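Here the structure is a predicted model, which means the values were calculated and not measured.
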Amino acid sequence: MLYNRNIVLQIIRTHFSEQVEAKVMECVTDLEAYELEALFEDIVEYADLDLIDEMNVEDYTLDQDSQGCRVSGLLSVDALINGYIYFDKENMLIGSTKTNFEFVFGFDEYQDTFTGFSIESSL
């Protein structure tokens, strides 16, 4: 198969979008208070993922052998997140902001079948 950044991105969107979304949600929920305050420029106790706005494959490499091909690289994800505080026994939306996450990814391809997806924060 012939690869370029757009083809790699389309494979990720088509076959692994749920795993990407789950990883972004995990990263959003793991944000520390000081990180949230910097993002929202206000006091925010926690955040959740609203939507994934854009994804880009920044770089990728191919490792081919007789068993197929391992595609790995760097994925940039812009996400819209909502920030909340807990006040008077209610969750109050403080606002929304866009932030960027970068991940190292990899997947295997053999005869146009894509498996073995992995995604980790690049930090």
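Remark: D112 pairs with M1, E109 by the side chain to side chain contact (heavy atoms under 4.5 Å, CB included) rule, at least two apart or across chains. Annotation: side chain to side chain contact (heavy atoms under 4.5 Å, CB included) contacts of E21 (sequence neighbours excluded): M25, L49, I52. Residues satisfying the side-chain hydrogen bond (donor to acceptor under 3.5 Å, both in side chains) criterion with T115, sequence neighbours excluded, are absent altogether. D88 is linked by a side chain to side chain contact (heavy atoms under 4.5 Å, CB included) to nothing, counting only residues two or more places apart in sequence or in another chain. Legend: residues meeting side-chain hydrogen bond (donor to acceptor under 3.5 Å, both in side chains) with T14, ordered by chain and number and at least two apart, are Q10. In this view, Y34 and E32 satisfy the side chain to side chain contact (heavy atoms under 4.5 Å, CB included) rule, not counting sequence neighbours. Residues meeting the side-chain hydrogen bond (donor to acceptor under 3.5 Å, both in side chains) test with S96, sequence neighbours left out: N82. The ring pair (Phe, Tyr, Trp, His ring centres under 6.0 Å) search around Y60 returns none, not counting sequence neighbours.
Just one residue in the list T29, V24, T97 forms a side chain to side chain contact (heavy atoms under 4.5 Å, CB included) with I81, and that residue is T97.
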May I have the step-by-step check of side-chain contact (heavy atoms from CB on, under 4.5 Å) for L93 and I85, ending in yes or no? CA-CA 7 Å; L93 178 64; I85 62 169; over 6 Å; no
Run the side-chain contact (heavy atoms from CB on, under 4.5 Å) check on I12 and V57 step by step: do they pass? CA-CA 9 Å; I12 292 170; V57 172; 4.3 Å; yes
Begin from the C-alpha positions of F101 and C27 and carry the test side-chain contact (heavy atoms from CB on, under 4.5 Å) through to its verdict. CA-CA 8 Å; F101 298 95; C27 289; 3.8 Å; yes
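Between atom CD1 of residue I94 and atom OH of residue Y84 there is a gap of 10.5 Å, rounded to the nearest 0.5 Å. For the atom pair F103 CZ and K23 NZ, the distance stands at 7.0 Å (nearest 0.5 Å). For the atom pair CG of D50 and NZ of K98, the computed distance is 12.0 Å after rounding to the nearest 0.5 Å. L62 CG to S72 OG: the interatomic distance, rounded to the nearest 0.5 Å, is 8.0 Å. From N56, atom CG reaches atom CG of L74 across 10.5 Å, with rounding to the nearest 0.5 Å.
Nearest heavy atoms, N100 versus S76: ND2-OG, 2.7 Å. The minimum heavy-atom distance between S66 and Y110, with the atom names listed, is O-CE1, 4.3 Å. Nearest heavy atoms, C69 versus Q64: SG-CG, 3.6 Å.
In the hydrophobic clustering, where aliphatic and aromatic side chains (Ile, Leu, Val, Met, Phe, Trp, Tyr) are joined below 4.5 Å either directly or transitively, L2 stands alone. The other members of the hydrophobic cluster of L80, by chain and number, are L51 (side-chain heavy atoms under 4.5 Å, ILVMFWY only).
A continuous path of hydrophobic side-chain contacts links M55 to F16 [ILVMFWY only; heavy atoms under 4.5 Å].
Applying the salt bridge (charged side-chain N to carboxylate O under 4.0 Å, His left out) test to residues at least two apart or on different chains, the pairs with a partner in residues 56-78 are R70-D108.
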Hey, can you pull the donor-acceptor pairs under 3.5 Å for the side chains in residues 39-47, sequence neighbours left out?
| unit_1 | atom_1 | unit_2 | atom_2 | d |
| --- | --- | --- | --- | --- |
| E45 | OE1 | Y86 | N | 2.8 |
| Y46 | OH | N91 | OD1 | 3.2 |
| Y46 | OH | N91 | ND2 | 3.2 |

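With contacts defined as side-chain heavy-atom distances shorter than 4.5 Å, the pair F105/V20 does not qualify. I11 has its side chain within reach of Y3: a pair of non-hydrogen atoms, C-beta onward, lies under 4.5 Å apart.
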